[in-house]
Amino acid sequence: NTGADYYFAKNPTYGAVFTYHLADEYKTVKELRKKKEAILNMKKADIPFPGWESLDAELDDQAAKIILSIQDQEGNVVNKISQKASRGSHRIAWDFSHFNPYAVSDQSSSYNRGGALAKPGTYQASLALVENGKVTQLNESIPFQVQAIREGILKGISHDEYNAYLNDINEVYTSIEAAQDVLSKSIKMQKAMDNALNKSKILPGKIEPKLSSLKADLTRIKRNLSGSPSRSEVGEKNPSGLRKFLYNAMAGLKNSYGPTPLHSKSLEITKQLLSELESELVTISEIKIPEIEADLKEAEGPYIIGQSIN
């Protein structure tokens, strides 16, 4: 028994921490129903069936949440942090990072970190309550200072230069994610058209060469973008490609000093490679694939999942 020799506690929350208080309780329709049923159950009373429409409505009900919005000195929203709203005093923290540029889907992402580090300077924080689509501002914007722990020997780039580089990185990253999405959809369509050809009323000879050429183009683009799968399987290093140059360019945002000329050079190479990639994907998605689709429709091939109604 160590008695009072050791004291354990959680580390302080990293970042700019804000305290707020909510006087009201914010529960979902389902939570309110369960609370009433729990009371009835304690009294050993009958619990009435709420009805199918009420249960369906519970599925559409959204929990109320608090959103902390952070703005820079120009008024640009650099990040938003949310947490469930509930009665009482609470704390919410911003970890000094910008939004990350990662693509999203219809699935809720649990990973919202990884954005660029914010530069020291003046920022503003504001709180809002969102309840079933209704937004209530809880306070006026509060200014606060983000200060560097120490001044480095080398002077970093200015706030404006840092933000301009960050915007460049975000635009390029978004374009690469869009290109990756088009590539993935094109690969799925190529495989689907290959299956459709097996059930099309046409003799072999016309469509097979087009599909083979399309597959070769997509495979080459995928390997240029993601590397050799054979190399990756055994841990062999892939030659430098678009993503490696992008990640090197993004490394310039991991501290408040800002990107160096080497990071900027990597970004320029990334843009050049991206331009070539986009050009090829436009040709594939807007010319080659529609041409093969038309051939399959003419041959009375089956409907392919993902095609338009017309």
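Because only heavy atoms are used, hydrogens play no part in the values below, and waters and symmetry mates are left out as well, while side chains stay in.
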Minimum heavy-atom distance [X]-[Y], with the two atoms named:
X: Ala23; Y: Arg87; value: O-CD, 3.1 Å
X: Asn238; Y: Lys244; value: O-NZ, 2.7 Å
X: Ile66; Y: Ala85; value: CG1-CB, 4.0 Å
X: Pro101; Y: Tyr173; value: O-CD2, 3.4 Å
X: Ser141; Y: Gln71; value: OG-OE1, 3.9 Å
X: Tyr257; Y: Lys119; value: O-NZ, 4.3 Å

Interatomic distance, [X] atom [atom1] to [Y] atom [atom2] [nearest 0.5 angstrom]:
X: Leu218; Y: Lys191; atom1: CG; atom2: NZ; value: 10.0 Å
X: Leu262; Y: Asn248; atom1: CG; atom2: CG; value: 5.5 Å
X: Ile287; Y: Ile292; atom1: CD1; atom2: CD1; value: 12.0 Å
X: Leu138; Y: Leu68; atom1: CG; atom2: CG; value: 11.0 Å
X: Met250; Y: Thr270; atom1: CE; atom2: OG1; value: 10.5 Å
X: Leu214; Y: Ile207; atom1: CG; atom2: CD1; value: 12.5 Å

Return yes when atom [atom1] of [X] has more than 12 non-hydrogen atoms of other residues, nucleotides or ligands closer than 6.0 Å, and no otherwise.
X: Glu31; atom1: CD; answer: yes
X: Lys271; atom1: NZ; answer: yes
X: Glu74; atom1: CD; answer: yes
X: Asp56; atom1: CG; answer: yes
X: Leu203; atom1: CG; answer: no
X: Lys210; atom1: NZ; answer: yes

Compute whether any side-chain donor of one residue and acceptor of the other, for [X] and [Y], lie under 3.5 angstrom apart.
X: Gln145; Y: Thr122; result: yes
X: Thr174; Y: Glu177; result: no
X: Thr260; Y: His263; result: yes
X: Gln180; Y: Arg243; result: yes

Among Val78, Asn170, Val77, find the one that has a side-chain contact (heavy atoms from CB on, under 4.5 Å) with Phe99.
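When side-chain contact (heavy atoms from CB on, under 4.5 Å) is applied between Phe99 and each of Val78, Asn170, Val77, only Val77 qualifies.
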Look at the side chain of [X] and the backbone N and O of [Y], then say whether any donor-acceptor pair between them is shorter than 3.5 Å.
X: Glu286; Y: Thr283; value: no
X: Ser200; Y: Ala196; value: yes
X: Asn79; Y: Ser97; value: yes
X: Ser232; Y: Ser228; value: yes
X: Asp61; Y: Thr28; value: no
X: Glu208; Y: Gly205; value: yes

May I ask whether [X] and [Y] are part of the same hydrophobic cluster, defined by side-chain heavy atoms of I, L, V, M, F, W, Y residues being less than 4.5 angstrom apart, directly or through others?
X: Val17; Y: Ile70; answer: no
X: Ile67; Y: Leu22; answer: no
X: Tyr102; Y: Val182; answer: yes
X: Leu32; Y: Leu129; answer: no
X: Val130; Y: Ile81; answer: no

Determine, step by step, whether Leu242 and Leu277 satisfy the side chain to side chain contact (heavy atoms under 4.5 Å, CB included) criterion, reporting the C-alpha distance in whole Å, the side-chain angles of both residues, the deciding distance to 0.1 Å, and the verdict.
-> CA-CA 9 Å; Leu242 187 149; Leu277 172 66; 4.2 Å; yes
May I have the step-by-step check of salt bridge (Lys or Arg N to Asp or Glu O under 4.0 Å) for Asp217 and Arg220, ending in yes or no? CA-CA 5 Å; Asp217 288 342; Arg220 173 177 51 78; 3.6 Å; yes
Any side-chain heavy-atom pair from [X] and [Y] closer than 4.5 angstrom?
X: Lys65; Y: Gln83; result: no
X: Tyr303; Y: Ile305; result: yes
X: His98; Y: Asn163; result: yes
X: Lys199; Y: Pro302; result: yes
X: Gln124; Y: Ile142; result: no

Classify the ring geometry of Tyr14 against Phe96: parallel below 30°, tilted from 30° to 60°, perpendicular beyond 60°.
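Perpendicular.
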Angle between ring planes, Phe18 versus Phe144, binned at 30° and 60°: parallel, tilted or perpendicular? perpendicular
- Message: Against Glu58, only a single residue in Arg33, Lys34, Lys27 fulfils salt bridge (Lys or Arg N to Asp or Glu O under 4.0 Å); can you say which?
- Response: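 That would be Arg33; it is the only one of Arg33, Lys34, Lys27 passing the salt bridge (Lys or Arg N to Asp or Glu O under 4.0 Å) with Glu58.
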Using a strict 4.0 Å threshold on nitrogen-to-oxygen distance, state whether Lys206 and Asp295 make a salt bridge. yes
Check step by step if side chain to side chain contact (heavy atoms under 4.5 Å, CB included) holds for Asp24 and Tyr26.
-> CA-CA 7 Å; Asp24 299 325; Tyr26 299 93; 3.8 Å; yes
Answer yes if the ring centres of Trp94 and Tyr123 are under 6.0 angstrom apart, and no otherwise. yes
Give the intermediate values and the outcome of side chain to side chain donor-acceptor pair (under 3.5 Å) for residues Ser158 and Glu161.
CA-CA 5 Å; Ser158 69; Glu161 290 174 311; 3.2 Å; yes
inquiry  = Please evaluate residues Leu253 and Tyr162 with respect to the criterion side chain to side chain contact (heavy atoms under 4.5 Å, CB included), reporting the C-alpha separation (whole Å), side-chain torsions for both, the decisive distance (0.1 Å), and the verdict.
reply    = CA-CA 8 Å; Leu253 297 171; Tyr162 186 90; 3.7 Å; yes
Original post:
Would Ile92 and Thr19 satisfy side chain to side chain contact (heavy atoms under 4.5 Å, CB included), going step by step from the backbone distance to the final call?
Top reply: CA-CA 7 Å; Ile92 188 169; Thr19 303; over 6 Å; no
